[in-house]
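One structure is given here, and the rest of the page talks about it.
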Amino acid sequence: MSRTLRLALLQYPVERPGSVAAWEAKLDRWLDEARARGAEMAVLPEYACVELGSALAGRSPAGEAEELAAMVEAAPAILASMRHAARRAGLWLVPGSLPMRDADGAIRNRAPLITPEGTLAFQDKHAMTRFETERWGVASGAAPVVFDTPWGRIGLSICYDSEFPKHVRAQVEAGAWLVLVPTCTDTLHGFNRVRFSAAARALENQCFVAIARTVGEAEWSAALDRNRGYAAVFGPIDRGFPEDGVIAHGALDAPQWIYADLDPARIARVREEGAVRNHRDWPRQGFPEPAVARFA
């Protein structure tokens, strides 16, 4: 039997907490608000905790390498704070993503999904942006996974990963009816790439795709200097859904939660009864390499 999920997505204001404890207190304040509004799962954006970078590096502004090194060193303490906050709030929590050193020594951008009991599992970012590879040295992570929750299986595709159909498609084919996209972009170009990609993934897979994002200016931060956009939820563009597929969205660049009540039964229904069946009609084998058309 399906169960409706009340999802909260944060347009996270980038600020200047002076310590991990101060950052944890900020997280508590935002989660208290979401819980008071009936949220069951809360999603923060990619790299939200990286606002700590300059404080942990010990000077402001810190260089990119210093900021990254400080965040990686503090990652265990930050992750513990995330788990404490989820338990106190009693929420399922995607606290954004954080750079973590892996067992092979590489640094990866990793997003946890934390249960209300504080247990967790991770999704790595697989496709790296130029900033991550050329300036931060963050390595490509593991292939997509799915998470079992009380509402069924869901997926996580971190920011740039949402721009590649096969990443989300792998999660959908593994049973995900909802894909969460924590994202951080410094221009409206970047925001719109993620926004249009998320909407496309919802259309072609007949699923929900939800984005949460950073907002605000932070000249003292190497990684989070500028942050544009809004949070949103997209669904199939078909019967029973808005004509543009937009389930909910926030105000541009404004710190706020947005909420959406999402029922997996609606996804199952549109896949069977919709005017089209994009989910079913996805090409299984793909197309052969195109020939070069000859003009005559």
CA sep, side-chain torsions, deciding dist, call: S97, N109, side chain to side chain donor-acceptor pair (under 3.5 Å): CA-CA 6 Å; S97 69; N109 183 6; 2.7 Å; yes
Indicate, with yes or no, if [Y] and [X] share a hydrophobic cluster defined by side-chain heavy-atom contacts under 4.5 Å among Ile, Leu, Val, Met, Phe, Trp and Tyr.
X: L31; Y: V43; value: no
X: V145; Y: L79; value: no
X: V138; Y: F164; value: no
X: L120; Y: V20; value: yes
X: L113; Y: V181; value: no

pair [X]-[Y]: side-chain heavy atoms closer than 4.5 Å:
X: C184; Y: F131; value: no
X: N205; Y: V179; value: no
X: C49; Y: M71; value: yes
X: Y160; Y: E132; value: no
X: T214; Y: V50; value: no
X: P95; Y: P112; value: yes

Stacked cation flag R266 on F241, 6.0 angstrom / 45 deg: yes
Shortest non-hydrogen contact from [X] to [Y]?
X: H126; Y: G141; answer: ND1-O, 2.8 Å
X: L98; Y: M82; answer: CD2-CE, 4.1 Å
X: E66; Y: A57; answer: O-CB, 4.0 Å
X: E163; Y: R193; answer: OE2-CB, 3.6 Å
X: L178; Y: A210; answer: CD1-CB, 4.5 Å
X: A174; Y: V146; answer: CB-CG1, 3.8 Å

Salt-bridge contact R29-D32 (side-chain N to carboxylate O under 4.0 Å): no
E272 bridged to R269 by N-O distance under 4.0 Å: no
Donor-acceptor contact present, side-chain [X] to main-chain [Y], <3.5 Å:
X: Q206; Y: V276; value: yes
X: R195; Y: A232; value: no
X: D238; Y: A275; value: yes
X: N227; Y: G216; value: yes
X: D102; Y: D104; value: no
X: E67; Y: S221; value: no
X: R130; Y: R135; value: no

Can you confirm whether more than 12 heavy atoms, excluding those of [X], are under 6.0 Å from its [atom1] atom?
X: E243; atom1: CD; value: no
X: E73; atom1: CD; value: no
X: R284; atom1: CZ; value: yes

Plane angle bin for W30 and W257 - parallel if under 30°, tilted between 30 and 60°, otherwise perpendicular: perpendicular
Worked check of side-chain contact (heavy atoms from CB on, under 4.5 Å) between I211 and F234: CA-CA 9 Å; I211 60 176; F234 304 97; 4.2 Å; yes
Steps toward side-chain contact (heavy atoms from CB on, under 4.5 Å) verdict (I154, L5): CA-CA 11 Å; I154 67 172; L5 166 65; 5.7 Å; no
In Å, rounded to the nearest 0.5 Å, how long is the span from [atom1] of [X] to [atom2] of [Y]?
X: W151; Y: R6; atom1: CH2; atom2: CZ; value: 12.5 Å
X: L7; Y: I247; atom1: CG; atom2: CD1; value: 11.5 Å
X: R3; Y: L262; atom1: CZ; atom2: CG; value: 13.0 Å
X: R87; Y: T119; atom1: CZ; atom2: OG1; value: 9.5 Å
X: Q171; Y: L156; atom1: CD; atom2: CG; value: 7.0 Å
X: R108; Y: I158; atom1: CZ; atom2: CD1; value: 12.5 Å

Between R201 and S162: side-chain donor-acceptor atoms closer than 3.5 Å: no
Test applied, side-chain hydrogen bond (donor to acceptor under 3.5 Å, both in side chains); reference residue, Y12; option that passes from K26, Q256, R213, E46: K26
Name of the residue among T187, T185, D253 meeting side-chain hydrogen bond (donor to acceptor under 3.5 Å, both in side chains) with R228: D253
F147/W92 aromatic ring centres below 6.0 Å: no
Sequence neighbours excluded, every pair satisfying ring-ring contact (aromatic ring centres under 6.0 Å, His included) that has a member inside residues 174-203: W177-F208, F191-Y230
Working for side-chain contact (heavy atoms from CB on, under 4.5 Å), residues R280 and R271: CA-CA 7 Å; R280 187 200 66 179; R271 288 175 177 177; over 6 Å; no
side-chain contact (heavy atoms from CB on, under 4.5 Å) evaluation trace for E64 with W136: CA-CA 7 Å; E64 292 172 356; W136 254 21; 3.9 Å; yes
Residue pair E24, S81: steps toward the side chain to side chain donor-acceptor pair (under 3.5 Å) verdict: CA-CA 6 Å; E24 185 174 335; S81 289; 2.6 Å; yes
